[in-house]
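I have placed the structure first, in the form of structure tokens, so that the comments after it can refer back to it.
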Amino acid sequence: MSQWERATLGTNEAHLRGPGTGFAPRAFEEVLSEHLEALFRTALRLCRGQEADAEDLLQDAVLRALAKYDQLREASAARAWLFTILTRTHLNRLRATRRRAEWADAELTEGAFEEALAEWVPLRTPGEELETRLLSEQLTQALDELPDELRRVVWLVDVEGFTQREAATMEDVPEGTIASRLFRARRQLRTTLEVPARDARLWRRQ
Amino acid sequence: MMTCGRARRLLWPDTGPREATTEVIEARAHVAGCELCRRFFEDMRRVSERIRATAPRPHAPVEVRDRLFKALARARTGTSRFGGAAPWRRRVGLGLVATALLAGTWLGYVASHRRVTPASDVLSWMIEDHVRARSGSGLASSDSQEVARWLADRLPFAVQVPIFPEARLTGARLLLLHHQSGAVIEYAIGGESLSYYVLATSSAEAGAPRQIRVTSRLGYHLATWEDAGLTHVLIALLPEPKLLALARYCIHQMMAELGQDRRALLDEAPHIEAL
């Protein structure tokens, strides 16, 4: 169990709030304000850019967080704790509309994962930096076309900078599953990342 | 035999030190001598960096922030009928009902609290002072729910306790002015104190609803507005634009609470008067 997990779940007495523990209790709104931008953009991506849905998801998650705020033991764990609640709220919403079997079928077995890793074809521009003029909109569209599980993982790890272990805790799945989902997400996104580079080279030749 | 797939599985994602098992050592040796595997790890790093660099990062609109903090305020004061998971849109109907109830409460209050003596009467002032002293020093609390309950037990009208993202709630006290009781809610903001006064509006004082007037007296800045039979005043040493922004934020929260169309407010230019 990681430090922030202990801090969040409160299983380590040393992290209990109180004098001398180093966690000066702050208003929930103050903590939320610090992370609101990241939570909003994550909710927006989880909801494929649908702002009304993202707003509902965010509000739902924030109210749950408020109700559980006394469980947060360390101020430094607040970011991961808030993202965990947001992620699990999103998962719960999806589970309400999808059958569990659909999830299991989507995961790679360990052997299939190794095969997929071995089949990676190197990027077409190995010696060059990818073109920087890649439009954000193209990546946004590609992200939104990813299955929910892949989109959440690539967003949490590559964009928000959480570790695999943290993402695994948020998603409540093994780290290997996160590794597999992250690879599959990047494999799907590479097409989007390569096309602008190719277009840019063609444009320069003209 | 160590294959490319197995080596990549053992070493990727490369997120730091890992236990150097025999298999991991073999995998590292494999990657050191395999150009494709080295390219694979380099590609993963570049793809990840590119995603991070180009991912959209929209800002949360101010309306979203308003609704969110208002929902939190409702949750704290326990006024939500639908529970924490209800989307804000479903609360618009409740807001309309609340508006009607608030208006009814105010009309009842005005009907039963008509003045019988002039406010300038010295004896009246003494009585007010006596009652003011008897009401105690108020409540010291950063819990908006507790403050809202405390005020609800002592006032004949409903007072919403606004939550300002940059300010910390410190408590509340009662106000008695011209035979009318009111509330003073105290905040700390950036090392300064901010007071939010709410009291019933006399008909002579009533202006256009929610028109904010910013004034200065004795070095203090005041933002004043009337709404639904109540006068609202923010007092602080803060710069006028800041105080105006806080007043608008306060009104947004109240309108969100009542389910009113806040776009109408956003379209209104704030009316600033210098006295």
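Just so it is clear, the model here is predicted, and its values are computed rather than measured. First the proteins, then the strands, lettered A, B, ... as listed; each starts at 1.
The parts of A:Leu182 that come within reach of chain B are both its backbone and its side chain, each placing non-hydrogen atoms under 4.5 angstrom from that chain. Residue A:Leu39: no heavy atom, backbone or side chain, is found under 4.5 Å from chain B. Both the backbone and the side chain of B:Arg6 come within contact range of chain A, with heavy atoms under 4.5 Å apart. Contact annotation for B:Ser48: both backbone and side-chain heavy atoms come within less than 4.5 Å of a heavy atom of chain A. Using a 4.5 Å cut-off between heavy atoms, A:Leu143 touches chain B through its side chain atoms alone. The part of B:Leu36 that comes within reach of chain A is its side chain, from C-beta onward, which places non-hydrogen atoms under 4.5 angstrom from that chain. Interface residue B:Ile51: backbone and side-chain heavy atoms are both found under 4.5 Å from chain A. For A:Arg187, no part lies near chain B; criterion is any non-hydrogen pair under 4.5 Å.
Taken from CZ in B:Arg45 to CZ in A:Arg186, the straight-line distance is 11.0 Å, to the nearest 0.5 Å. With values rounded to the nearest 0.5 angstrom, A:Leu139 atom CG is found 10.0 Å from B:Arg50 atom CZ.
Under the 4.5 Å side-chain criterion, counting only non-hydrogen atoms from C-beta, B:Arg57 is in contact with A:Val159. Contact check for B:Pro56 versus A:Arg41: no side-chain heavy atoms found under the 4.5 Å cut-off. Taking the side chain as every heavy atom from C-beta outward, B:Phe69 and A:Ser33 approach each other to under 4.5 Å. Counting only heavy atoms from C-beta outward, the side chains of B:Pro61 and A:Glu51 approach each other to under 4.5 Å.
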Would B:Ile163 and A:Phe28 satisfy side-chain contact (heavy atoms from CB on, under 4.5 Å), going step by step from the backbone distance to the final call? CA-CA 11 Å; B:Ile163 295 173; A:Phe28 175 77; over 6 Å; no

Stepwise salt bridge (Lys or Arg N to Asp or Glu O under 4.0 Å) test for A:Glu37 and B:Arg65: CA-CA 10 Å; A:Glu37 289 291 335; B:Arg65 286 175 169 269; 3.1 Å; yes

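Contact check on B:Arg8 versus A:Glu119 returns no salt bridge, with no Lys/Arg side-chain nitrogen under 4.0 Å from an Asp/Glu carboxylate oxygen.
The residue from A:Glu110, A:Glu115, A:Glu114 that alone fulfils the salt bridge (Lys or Arg N to Asp or Glu O under 4.0 Å) condition with B:Arg9 is A:Glu110.
Looking at every heavy atom in both residues, B:Arg52 comes nearest to A:Asp158 through NE-O, 2.9 Å. Pairing each heavy atom of A:Phe40 with each of B:Pro58, the nearest pair is CD2-O, 4.1 Å.
Using cut-offs of 30° and 60° on the angle between ring planes, the pair A:Phe183 and B:Phe40 is tilted.
Of the listed residues (A:Leu32, A:Leu44, A:Leu36), the one with the most heavy-atom contacts under 4.5 Å to chain B is A:Leu36.
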